[in-house]
Number of protein chains: 2
Amino acid sequence: MCMQKNNLYKGSLSTIILSLLKEQGKMYGYKITREVEKITSGQMVITEGALYPTLHKLEAKGLLSVEIKKVNNRVRKYYFITEKGKKETVNLLREMKSFIENMEIILNPKLA
Amino acid sequence: MCMQKNNLYKGSLSTIILSLLKEQGKMYGYKITREVEKITSGQMVITEGALYPTLHKLEAKGLLSVEIKKVNNRVRKYYFITEKGKKETVNLLREMKSFIENMEIILNPKLA
DNA sequence: ATTTAATACATAAGAAAGTTAGGTATAGTT
DNA sequence: AACTATACCTAACTTTCTTATGTATTAAAT
């Protein structure tokens, strides 16, 4: 209860999507939103208005590929990471790690 | 050498400024940029184009107050945190902490 | 039987928060 | 005399979200 939803810091969504797909294989958009809510106990919410344009952007950049399937008469677009995407994910994860380390230095000991 | 500069995630700048001023007392804008670069070994760079509008915004919101001093014939605007700012900083730090925890869950074990 | 909720995609308008590129001015260094 | 550092500033632009809305199918509730 009282699961306060925390906003994303802008720029982190691509990293989240790519990392998730690199770890868990192919996934469709709606499932990504469910999965992130589930593993963060509802604290982090990916809105669809942010998600779908980002998926399209990552596909256009060649970091993701898509496979359309019909399940229960409903269309699902399964996204999976490309080789180029895997390489870029390494960079994005390094950046995120560096950001977190720097934040811990700056905000220390306030995060304790 | 090779001090790669990492970009800020948008939304984190106010938290950085408020936390720094809460910890270190009053500081002027230019000093804030120097201080952040120093303590992060040049990895995190606060651009002045981002800094000054944010300081003005935080002052307008009543989270910071300002005191103008002249040092060596140069004007310095010393910002310091207000009571309202201290309360807001607690919330912002909680949000940042939550974000980092959630990122560690989502990206785990990729950040190791 | 009809409404509501969940699933599953999408876009468009607007806000927020940065980057980039400029500007002014003084002091100190090459 | 030119350049670097200090110290402030703004404006145009871009990126990346939020909010609101739309379509369509399936399942559950009233």
Side-chain angles (χ1 to χ4, degrees), chain A residues 4-18 26-38 42 44-61 63-64 66-79 88 92 95-96 99 102-103, chain B residues 4-18 26-38 42 44-61 63-64 66-79 88 92 95-96 99 102-103:
Chain A
Q4 52 164 18
K5 291 166 192 173
N6 293 110
N7 58 343
L8 240 40
Y9 289 94
K10 295 186 185 181
S12 58
L13 183 55
S14 294
T15 306
I16 292 171
I17 293 171
L18 287 167
K26 63 185 174 187
M27 214 182 295
Y28 56 100
Y30 187 74
K31 180 74 174 173
I32 292 173
T33 68
R34 298 298 95 195
E35 191 66 14
V36 169
E37 270 190 57
K38 186 184 151 200
M44 195 171 266
V45 175
I46 309 296
T47 65
E48 296 181 42
L51 177 76
Y52 291 113
T54 302
L55 286 172
H56 302 159
K57 189 193 73 183
L58 294 174
E59 194 197 349
K61 279 185 172 178
L63 307 179
L64 294 182
V66 71
E67 210 174 86
I68 297 173
K69 283 193 184 176
K70 207 158 190 177
V71 180
N72 294 338
N73 205 31
R74 262 202 223 96
V75 168
R76 281 186 190 166
K77 293 180 75 176
Y78 282 89
Y79 287 89
E88 179 61 12
L92 291 176
E95 269 182 53
M96 179 57 74
F99 172 77
N102 286 324
M103 286 311 286
Chain B
Q4 53 165 19
K5 291 166 192 173
N6 293 110
N7 57 344
L8 239 42
Y9 290 95
K10 294 186 186 182
S12 57
L13 183 55
S14 294
T15 306
I16 292 171
I17 293 171
L18 287 168
K26 63 186 174 185
M27 213 181 296
Y28 56 100
Y30 188 75
K31 180 74 175 174
I32 292 173
T33 68
R34 300 297 95 197
E35 190 66 14
V36 169
E37 270 191 56
K38 186 183 152 202
M44 195 170 267
V45 175
I46 308 297
T47 64
E48 296 182 41
L51 178 75
Y52 291 113
T54 302
L55 286 173
H56 301 159
K57 188 193 72 182
L58 294 174
E59 194 198 347
K61 279 185 173 178
L63 306 179
L64 293 181
V66 71
E67 209 173 86
I68 297 172
K69 282 193 184 177
K70 208 159 191 179
V71 180
N72 293 338
N73 206 31
R74 264 201 223 96
V75 168
R76 281 185 191 168
K77 292 179 75 174
Y78 282 88
Y79 288 89
E88 180 61 12
L92 292 175
E95 268 182 53
M96 178 58 72
F99 172 76
N102 286 324
M103 287 310 286

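Convention: sequence-line order gives letters A, B, ...; per-chain numbering from 1. Because only heavy atoms are used, hydrogens play no part in the values below, and waters and symmetry mates are left out as well, while side chains stay in.
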Query raised in the report: Does B/Tyr52 put a side-chain nitrogen or oxygen below 4.0 Å from OP1 or OP2 of D/dC8?
Result: yes
Query raised in the report: How close or far is atom P of D/dT25 from atom NZ of A/Lys70, stated in whole angstroms?
Result: 9 Å
Report task. Map B/Lys77 and A/Thr54 onto DNA chain D by nearest heavy atom, then report which one ends up closer to the 5' terminus. Result -> B/Lys77
Requested in this report: Please name all residues satisfying side-chain hydrogen bond (donor to acceptor under 3.5 Å, both in side chains) with A/Glu37, sequence neighbours left out, ordered by chain then number.
Outcome: A/Arg34
Query - B/Leu51: partners by side chain to side chain contact (heavy atoms under 4.5 Å, CB included), with sequence neighbours left out - result: B/Ile17, B/Ile32, B/Thr33, B/Ile46, B/Leu55
Report task. Report which part of the nucleic acid B/Gly11 touches: base, sugar-phosphate, or nothing (heavy-atom distance under 4.0 Å, all strands). Result -> sugar-phosphate
Requested in this report: Using a 4.0 Å heavy-atom cut-off across all strands, classify A/Thr33 as base, sugar-phosphate, or nothing.
Outcome: nothing
Report task. Please name the pair of heavy atoms, one in B/Lys57 and one in B/Ser14, separated by the smallest distance, quoted to 0.1 Å. Result -> NZ-OG, 3.5 Å
Requested in this report: Determine the contact category for A/Lys31: base if any of its heavy atoms lies under 4.0 Å from a base atom, sugar-phosphate if only primed atoms, P, OP1 or OP2 are that close, otherwise nothing.
Outcome: nothing
Requested in this report: Send over the distance from A/Leu13 CG to D/dT16 C1', rounded to a whole Å.
Outcome: 9 Å
Report task. Select one nucleotide: of D/dC17, D/dT16, D/dC8, the one nearest the side-chain heavy atoms of B/Lys10. Result -> D/dT16
Query - OP1 or OP2 of D/dT6 under 4.0 Å from side-chain N/O of B/Asn72 - result: no
Query raised in the report: More 5' along DNA chain D: A/Leu51 or B/Tyr78, using each one's nearest nucleotide?
Result: B/Tyr78
Report task. Please name all residues satisfying ring-ring contact (aromatic ring centres under 6.0 Å, His included) with B/Tyr79, sequence neighbours left out, ordered by chain then number. Result -> none
Query raised in the report: At under 4.0 Å between heavy atoms, what does B/Arg74 touch on the DNA or RNA strands: base, sugar-phosphate, or nothing?
Result: base
Report task. Using atom CG of B/Asn73 as one end and atom P of D/dC8 as the other, report the distance to the nearest whole Å. Result -> 14 Å
Requested in this report: For D/dT10, take OP1 and OP2 only and decide whether either is under 4.0 Å from a side-chain N or O of B/His56.
Outcome: yes
Query raised in the report: How about B/Ser12 and B/Phe99: do any of their side-chain heavy atoms sit closer than 4.5 Å?
Result: no
Query raised in the report: Within this structure, what is the OH-to-P distance between A/Tyr30 and D/dT25, rounded to whole angstrom?
Result: 17 Å
Query raised in the report: With a 4.0 Å cut-off on heavy atoms, is A/Lys57 in touch with a base, just the backbone sugar-phosphate, or nothing at all?
Result: sugar-phosphate
Report task. Of all the heavy-atom pairs spanning A/Val36 and A/Met44, show the shortest one and how long it is. Result -> CG1-O, 3.7 Å
Report task. Figure out the CD1/C1' separation between A/Ile46 and D/dT19, and round it to whole Å. Result -> 16 Å
Requested in this report: Check whether any side-chain heavy atom of B/Arg76 sits under 4.5 Å from a side-chain heavy atom of B/Tyr30, and report yes or no.
Outcome: no
Requested in this report: In whole angstrom, give the distance that lies between atom CD1 of A/Ile16 and atom P of D/dT16.
Outcome: 13 Å
Query - Interatomic distance, A/Glu48 CD vs D/dG22 P [rounded to whole Å] - result: 15 Å
Report task. Shoot me the first and last contacting nucleotide of DNA chain C against chain B, ordered 5' to 3', at under 4.0 angstrom to non-hydrogen atoms. Result -> C/dA17 to C/dA27
**Report entry** Residues in side chain to side chain contact (heavy atoms under 4.5 Å, CB included) contact with A/Lys26, at least two apart in sequence or another chain
**Finding:** A/Glu67, A/Lys69, A/Tyr78, A/Phe80
Query raised in the report: Over how many whole Å does the gap from A/Leu55 atom CG to D/dT16 atom C1' extend?
Result: 14 Å
